[in-house]
Peer 1: 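Mind looking over this structure? Questions follow.
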Amino acid sequence: MPDFIEEIVTQSKLCSKIYSYDEVDSTNNLARNLIEEKNQVGFVIVAQRQSSGKGQADRLWESPTGGLWSSLAIRPQIELSSLGMVPILSAVGITKALETFDVKTKLKWPNDILISHNLKKIGGILVEGKLTQFSLDYLIIGIGLNINNTVDQYSPALQEQITTVFEEFNMKIDLSQLLLEIINQIEDSFEILRSYGALALLNEWKQKDNILGMNVIVQSPEGEYHGKAVDISPNGQLVLEISESKKVNITTGTVIIARIQD
Ligand code: BTN
């Protein structure tokens, strides 16, 4: 296992320590190894670079220096039926954290963070975890955000699709401060879920949502669906109207916007 270069103690009950690394393969993988080895949760891994960062659907997540690559290793007190809300509540927390730095974002179900003014992707979330028979053993919330890096640090194929905060606003953000803000906001989001339920969080998501009301194509592990994105359910599923009388609930997938509505 790589040696950490810094250990930071936080005020957070959810994650009381941040372990900071120079380069790791994937902060999610390292978080999982540390949990299994020490049988402990309540920490964050952050790295300046990842050599094999993981994205959704087993895609490689390019992670050059200047981005925020981190994983929260936690054991939250939530119902198993609410697990699908974890990417949603994390995304809501991340948008609020970015807003404190005047970076306005939109959200694309299930876990994309987009720059508000041009809808280019600046980040994503990869939630992994371990369930025992009836309960949640741990969760790893992996967060990747393109912040102080430049688009030319990415492969040509990605350069058209993504952007970074630096490219959009010509400013640099202190990554440690941003991470602390994200931890606080995600902790608050869990509290909203516990105290007020999923609908309170979904209301916040809907203010930032970029696909509801649109005709979309969803590529999911079960197949490809075409329809109108009409809602997100209280367990985090996308509700897609595929005909006048039929709706389907989709747990995960990649959404492609088919056509903007009038
Ligand atoms: C997506 O495909 O949109 C999700 C990307 C999640 C990337 C982050 S970077 C930190 C953490 N470690 C990983 O290997 N992946 C996540």
Side-chain angles (χ1 to χ4, degrees), residues 1-2 4 15 18-36 41 43-74 84 86-95 97-98 105-115 119-130 138-149 153-155 157-158 160-165 175-176 178-179 182-183 186 205 208-211 218-221 236 238 251-257:
M1 270 190 214
F4 57 85
C15 303
I18 301 176
Y19 300 119
S20 170
Y21 292 79
D22 187 17
E23 180 171 315
V24 302
D25 60 348
S26 149
T27 55
N28 270 32
N29 287 353
L30 182 58
R32 180 186 298 268
N33 293 342
L34 285 175
I35 297 170
E36 298 283 352
V41 289
F43 62 86
V44 180
I45 303 288
V46 61
Q48 291 184 17
R49 288 180 303 283
Q50 296 183 116
S51 53
S52 335
K54 299 187 294 184
Q56 289 292 325
D58 286 331
R59 284 188 279 260
L60 175 75
W61 182 262
E62 294 184 27
S63 317
T65 309
L68 180 65
W69 322 122
S70 67
S71 299
L72 279 54
I74 56 175
V86 175
I88 303 275
L89 70 83
S90 305
V92 166
I94 293 167
T95 54
L98 285 166
T105 50
K106 294 246 179 224
L107 299 172
K108 184 170 165 215
W109 182 91
N111 47 37
D112 286 359
I113 319 278
L114 315 174
I115 284 286
L119 303 180
K120 283 195 170 180
K121 181 162 172 168
I122 58 153
I125 301 161
L126 179 66
V127 178
E128 299 183 296
K130 186 172 168 189
Y138 60 78
L139 274 184
I140 297 168
I141 304 178
I143 299 165
L145 292 169
N146 310 336
I147 304 291
N148 299 329
N149 36 2
Q153 289 176 282
Y154 291 84
S155 62
L158 263 190
E160 283 298 299
Q161 299 162 31
I162 57 115
T163 189
T164 73
V165 167
L175 295 180
S176 307
L178 175 60
L179 180 57
I182 287 174
I183 295 167
I186 291 182
W205 170 284
K208 303 278 173 189
D209 177 277
N210 181 47
I211 61 164
V218 187
Q219 291 160 343
S220 83
L238 179 68
T251 303
T252 191
T254 302
V255 175
I256 299 159
I257 295 172

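First listed ligand is number 1; within each ligand, the first listed atom is number 1. Residue indices begin at 1 and follow the sequence shown.
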Peer 1: Only heavy atoms of K121, strictly under 4.0 Å: list the atoms of ligand 1 that pass.
Peer 2: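 With K121 as reference, the close atoms of ligand 1 come out as 1 (C), 3 (O).
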Peer 1: At less than 4.0 angstrom from any non-hydrogen atom of G144, what atoms of ligand 1 do you find?
Peer 2: 8 (C), 9 (S)
Peer 1: With Y21, which of V46, I45, T27 fulfils side chain to side chain contact (heavy atoms under 4.5 Å, CB included)?
Peer 2: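 With Y21 as partner, V46, I45, T27 yield a single side chain to side chain contact (heavy atoms under 4.5 Å, CB included), made by I45.
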Peer 1: Any chance the side chains of E36 and Y138 put a donor and an acceptor closer than 3.5 Å?
Peer 2: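 Note: E36 and Y138 side chains meet the donor-acceptor criterion.
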Peer 1: Between E62 (side chain) and S155 (backbone), is there a donor-acceptor pair under 3.5 Å?
Peer 2: yes
Peer 1: Which of these passes side chain to side chain contact (heavy atoms under 4.5 Å, CB included) with V86: V127, I186, N111, I125?
Peer 2: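 When side chain to side chain contact (heavy atoms under 4.5 Å, CB included) is applied between V86 and each of V127, I186, N111, I125, only V127 qualifies.
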Peer 1: Below 30° counts as parallel, above 60° as perpendicular, anything between as tilted: where do the rings of W61 and W69 land?
Peer 2: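 W61 vs W69 ring planes: perpendicular.
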Peer 1: Could you tell me, atom by atom, which parts of ligand 1 come under 4.0 Å of a heavy atom of S26?
Peer 2: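 Once the distances to S26 are compared, the set is 12 (N), 13 (C), 14 (O).
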Peer 1: Tell me: protein heavy atom nearest atom 11 (C) of ligand 1, and distance?
Peer 2: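 Atom 11 (C) of ligand 1 sits closest to the protein heavy atom T27 OG1, 3.2 Å.
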Peer 1: Under 4.0 Å, counting heavy atoms only: does Q50 come that close to any atom of ligand 1?
Peer 2: yes
Peer 1: How close does the nearest protein non-hydrogen atom get to atom 5 (C) of ligand 1, and which residue and atom is it?
Peer 2: W61 CE3, 3.4 Å
Peer 1: Can you confirm whether more than 12 heavy atoms, excluding those of Q161, are under 6.0 Å from its CD atom?
Peer 2: yes
Peer 1: Could you tell me whether I143 approaches ligand 1 through its side chain, its backbone, both or neither, with non-hydrogen atoms closer than 4.0 Å?
Peer 2: backbone
Peer 1: Got the closest protein heavy atom to atom 15 (N) of ligand 1, with its distance?
Peer 2: K54 O, 2.7 Å
Peer 1: Is a side-chain donor-acceptor pair under 3.5 Å present for S71 with N28?
Peer 2: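 A pair is found: one side chain offers a donor N or O, the other an acceptor, under 3.5 Å apart.
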Peer 1: Can you find an N or O of Q56 that's nearer than 3.5 Å to an N or O of ligand 1?
Peer 2: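 So ligand 1 has an N or O lying under 3.5 Å from an N or O of Q56.
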Peer 1: With atoms numbered from 1 as shown, which atoms in ligand 1 lie under 4.0 angstrom from a non-hydrogen atom of G53?
Peer 2: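 Near G53, the atoms of ligand 1 are 14 (O).
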Peer 1: Any sub-3.5 Å donor-acceptor pair from N33's side-chain atoms to A31's backbone N or O?
Peer 2: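 Not confirmed, N33 side chain does not pair with A31 backbone.
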Peer 1: For ligand 1, which atoms sit closer than 4.0 Å to a heavy atom of S70?
Peer 2: 10 (C), 11 (C)
Peer 1: Which of the atoms of ligand 1 are close to I125, meaning less than 4.0 Å from one of its heavy atoms?
Peer 2: 4 (C)
